Each structure stands twice: as structure tokens, then as C-alpha cells.
Amino acid sequence: MWWRTVRYAFSLLRQALDHAVVIGLLRYNPSVRITMPKGQKREMKALTAEQVQQFLAEARGTRFEALWWLLFSTGLRPSEALGLKWSDITSNKASIQRKLTRLKKGWSFDAPKTAKGRRIV
């Protein structure tokens, strides 16, 4: 997470130095010579089968039990599962047509980002 902070700070510094060049305080932007090192990608940590079973056992009887089962059994993203309508589910198949997106003021149903996002699971 700290890597995003470093990149953001560098981006702000570069913009400020660009502005200093535009208004004549600097002849050139010294930050253009700097190349940011690549960030380290972390391996995703998935739950084990035992952890999933324990989670589902704890969720039993709650109002979100069906949602958890759907997420764990299909691999859907939460936004995709929450975007489902009853008409999208037929004979043990779910057609992903939309996703639920949080906006600054409320929620919105949007199409998946890519064509591959529209799929049947």
C-alpha cells in the first residue's frame, strides 16, 4: 500500500515542477530524468477449503448466507453478484450482465468493464 503513496507523491512533485517550468521559475523539470522502480506485486492469498467451510458454517442462518455461497462457489466478484437479477439466473447458471458500482452519492448498475466480463457462470 505504501507504494501507491510514493507514486502519488512523485506525481504531485512532477506536476508542480512542470508548472514551475511553464511560469519560468525553472528551465527544465529535473524529475523527467527519474524513472520510478517497478512496484512489487504481492501474491493473492486465497482461503483454504477448510477456511471456506468454517466461514460458511459461521454464516449459516444469516441474511447473507446465500450471497456467500454464491461468491465461494462461482468465483464472482462481489460487485458482479450484487448486480444479478432473478431473471439472470436460470437452471443453475448465472448470466453476468451488470455490476453494482458505488458512487459518491448512491449506487449504480453498470456494464462490466470488458466484453469478457459479460459471461455465464
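Keep in mind that the numbers below use all heavy atoms, side chains included, and drop hydrogens, waters and symmetry copies. Just so we're clear, the structure is a prediction, and the values are computed from it rather than from any experiment. Residues: numbered from 1 along the sequence shown.
- Contact detail for Leu103 and Ser108: the closest heavy-atom pair is CD1-CB, 3.5 Å.
- Under the rule for a salt bridge (Lys or Arg N to Asp or Glu O under 4.0 Å), Arg7 has no partner lying at least two apart in sequence or in another chain.
- Taking Arg77 as the reference, Glu80 meet the salt bridge (Lys or Arg N to Asp or Glu O under 4.0 Å) condition, with sequence neighbours excluded.
- Take Thr74 and apply the side chain to side chain donor-acceptor pair (under 3.5 Å) test, not counting sequence neighbours, and it matches no residue.
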Report, one line per pair, each donor and acceptor closer than 3.5 Å where one atom sits in a side chain of residues 83-98; sequence neighbours left out.
| from | atom 1 | to | atom 2 | distance (Å) |
| --- | --- | --- | --- | --- |
| Asp88 | OD2 | Lys85 | N | 2.9 |
| Asp88 | OD2 | Arg98 | NH1 | 2.4 |
| Ser95 | OG | Gln97 | NE2 | 2.5 |
| Gln97 | OE1 | Arg118 | NH1 | 3.0 |
| Arg98 | NH1 | Gly83 | O | 3.0 |

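- With rounding to the nearest 0.5 angstrom, the OG1 atom of Thr114 is 8.5 Å from the CZ atom of Arg119.
- In this structure, the side-chain contact (heavy atoms from CB on, under 4.5 Å) partners of Thr48, at least two apart in sequence or on a different chain, are Glu50, Gln51.
- Taking 4.5 Å as the limit, every side-chain heavy atom of Thr101 sits out of range of all side-chain heavy atoms of Trp107.
- Every residue was checked against the salt bridge (Lys or Arg N to Asp or Glu O under 4.0 Å) condition with Asp110, not counting sequence neighbours, and none meets it.
- Checked against side-chain contact (heavy atoms from CB on, under 4.5 Å), Glu65 has the following partners two or more places apart in sequence or in another chain: Arg60, Thr62, Trp69.
- Atom CG of Leu47 is separated from atom CD of Gln54 by 10.0 Å, given to the nearest 0.5 angstrom.
- Residues meeting the ring pair (Phe, Tyr, Trp, His ring centres under 6.0 Å) test with Phe55, sequence neighbours left out: Trp68, Phe72.
- Through direct or indirect side-chain contacts shorter than 4.5 Å among Ile, Leu, Val, Met, Phe, Trp and Tyr, Leu12 is connected to Tyr8.
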Please tabulate, one pair per line, all N/O donor-acceptor pairs under 3.5 Å involving side-chain atoms of residues 13-23, not counting sequence neighbours.
| from | atom 1 | to | atom 2 | distance (Å) |
| --- | --- | --- | --- | --- |
| Arg14 | NE | Ser31 | OG | 3.4 |
| Arg14 | NH2 | Ser31 | O | 2.6 |
| Asp18 | OD1 | Asn29 | ND2 | 2.6 |

